[in-house]
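Working notes, beginning with the structure itself.
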Amino acid sequence: MSRKPESAYDVIVAGGGAGGIGAALGAAAEGAKVLLVEKYGFLGGAATTSQVLAYCGFFQQGPDPIKAVGGVADLLLDELRALGLDCEPFKSPTTSNWIILLEPEAVKLAMDRVLAKNGVEVLLHTRIAAVTRTASRLESATLAGMDGRQRVTAEAFVDATGDANLSLVAGQPCRTGNAEGKLQAVSAPVRIGGRDMSVPIDRDAIIAAFSEYNKTGAYPTAREDGGIFTIVPRTGEMWWMMFDHPMADLSSRSFSEAERASREAAHDYVEVLREKVPGFQNAYLVQTGPQIGIRESRHPVARYELTGEDLKTGRRRPDGVARAAWPMEDHSVAGKPVYHPIGGEGFADIPLDCLRAKGLDNLYFAGRVIGADDMAYASIRVMGTAFATGEAAGRAAYRNEQ
Ligand SMILES: Cc1cc2nc3c(=O)[nH]c(=O)nc-3n(C[C@H](O)[C@H](O)[C@H](O)COP(=O)(O)OP(=O)(O)OC[C@H]3O[C@@H](n4cnc5c(N)ncnc54)[C@H](O)[C@@H]3O)c2cc1C
């Protein structure tokens, strides 16, 4: 561990989702003095902010789950196992893809523990508000927290904010959505309790109930197949993704409308289950949010953009630092995901240049902000892959700046 003044770090990581946890642990494994800042009061990113309760991307798809992501992510999986999650590959009955099922309170605690054990300093309730820079480097960040503002310095920075908020304040050019500016839909997974667990969840009954609701209901669902549902480990609750909302832009007005609609829809949908679906008579909504699930926002300009063609052909490369193994899951049409398989050996290499800001020497990307075209983005954004790009970004951020 290097000796530095209290407010000086080797690596500052913005964002405490899968990308940020991977980056912080990766940099710490190299011996860096690391600060991670997260705007919420807990870690986890979409898994805990938006009820996204399955890690995708840890395994290649196919008849058997072949591991595509290991490294520091395994430290987190071990913490989750210690809290009672089995973390075994689970084949989704809806999509036939291999995933790891999660429970949000375990994710929060496991992340607290793994960062503490590995010497990462964490500031919650703190967001990166501004930076200072030269033409080619970031120099310091202004953190806005509960105690006001403070300035910290670092040799290198990792943007793992999902929405490229660090890149934005750094003045890095960003594209919104795909090449035409179109954003993937937002969705609002929810957890439902109070179900009679002796009654299997009847997909046909859900389909029939919502075909009826869609005729007059205020928030018709595009998921005419009953949506995606699983059972949340440790709780027996139903996890359900049934509500999607197209996004025209990234304005607060559009997000406010989406958030409000998602809560009204969740209320309606639980009422429909209670009235129409066997076993749900006493069901209740355990939780929405804390915020709606954002699939896509800004893409900062990287030195290389991974392409759909790279993934379709399973391109291998000598400068690969992480593997993309999740099928390209396109949500251009709300509620109608389309999956395109990864070719070659079942994964493609992600080169370091996808994790480096174009024109800024010490800004790195992790998670869903890495360089990718719209098809590649539909794969690399998942959390398993985000751990891997995070680890690679954190390690490179420390090594390259020494
Ligand atoms: C509805 C939905 C379903 C999905 N389903 C799956 C799935 O089943 N499995 C899967 O693996 N992936 C899924 N994804 C994709 C996945 O959840 C995200 O792409 C993934 O979480 C990206 O990880 P990340 O670490 O890059 O970003 P995030 O998980 O978004 O984490 C970013 C973190 O940065 C913090 N932050 C933002 N700005 C600042 C700031 N200025 N200062 C400090 N902190 C900041 C945020 O609070 C957040 O905690 C889904 C996404 C959605 C929306």
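Remember, it's 1-based here, ligands and their atoms both numbered in the order they're listed. The chain is numbered in sequence order, starting from 1. As the structure is a computational prediction, the values presented were derived from the model and not from experiment.
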Could you tell me if the side chain of [Y] sits less than 4.5 Å from the side chain of [X], heavy atoms only?
X      : Y      : answer
Thr48  : Leu43  : no
Leu76  : Leu80  : yes
Glu329 : Arg381 : yes
Thr230 : Leu53  : no

So, is [X] polar-close to ligand 1, with some N/O to N/O distance under 3.5 Å?
X      : result
Gly19  : yes
Lys39  : yes
Arg381 : yes
Gly384 : no
Pro189 : no
Gly20  : no
Tyr55  : no

- request: Using non-hydrogen atoms of the residue, decide whether Val52 is closer than 4.0 angstrom to ligand 1.
  value: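 Yes; Val52 lies near enough to ligand 1 that a heavy-atom distance drops under 4.0 Å.
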
What part of [X], side chain from CB on, backbone N/CA/C/O, both or neither, has a heavy atom under 4.0 Å from ligand 1?
X      : answer
Ser50  : neither
Thr161 : both
Ile294 : backbone
Val369 : neither
Val382 : both
Cys56  : both

Go through ligand 1 atom by atom and flag the ones less than 4.0 Å from a non-hydrogen atom of [X].
X      : result
Tyr40  : 47 (O)
Met241 : 1 (C)
Thr126 : 43 (C)
Ser187 : 1 (C)
Gly16  : 33 (C), 34 (O)
Val37  : 43 (C), 44 (N)
Gly367 : 26 (O)
Gly293 : 53 (C)

Residues Arg317 and Asp319 bridged, charged N to O under 4.0 Å: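 Salt bridge present between Arg317 and Asp319.
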
- prompt: Salt bridge between Arg368 and Asp163, side-chain N to carboxylate O under 4.0 Å?
  reply: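 Asp163 and Arg368: salt-bridged.
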
Classify the side-chain pair [X]/[Y] by whether it contains a donor and acceptor separated by less than 3.5 Å.
X      : Y      : result
Thr153 : Ser140 : no
Gln287 : Gln51  : yes
Ser7   : Arg151 : no
Thr288 : Arg263 : no
Thr161 : Asp159 : yes
Glu155 : Tyr9   : no

Among all protein heavy atoms, pick the one closest to [atom] and tell me residue, atom and distance.
atom                    : answer
atom 26 (O) of ligand 1 : Arg368 N, 2.9 Å
atom 38 (N) of ligand 1 : Asn165 ND2, 2.8 Å
atom 9 (N) of ligand 1  : Ala54 O, 2.7 Å
atom 11 (O) of ligand 1 : Met383 N, 2.7 Å

If you take the nearest heavy atom of each of [options], which one is closest to [atom]?
atom                    : options                      : answer
atom 2 (C) of ligand 1  : Gln51, Arg295, Arg127, Glu38 : Arg295
atom 27 (O) of ligand 1 : Gly162, Gly57, Gly45         : Gly162
atom 17 (O) of ligand 1 : Ala160, Ala46, Pro337, Ala47 : Ala46

message: Which heavy atom of Asp310 sits nearest to which heavy atom of Tyr304, and what is that distance?
response: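 Result for this residue pair: OD2-OH, 2.7 Å.
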
message: I want to know whether Tyr377 and Trp326 have ring centres closer than 6.0 Å.
response: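 No, the ring of Tyr377 stays outside the 6.0 Å limit from the ring of Trp326, centre to centre.
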
Pair Tyr213 and Tyr219, ring centroids less than 6.0 Å apart: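 No, too far apart.
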
- prompt: Counting heavy atoms not belonging to Glu88, are there more than 12 under 6.0 Å from its CD?
  reply: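 Above 12, so yes.
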
task: Give me the one residue out of Phe229, Phe210, Phe280 that meets ring pair (Phe, Tyr, Trp, His ring centres under 6.0 Å) with Trp240.
output: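 Exactly one candidate clears the test, Phe210.
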
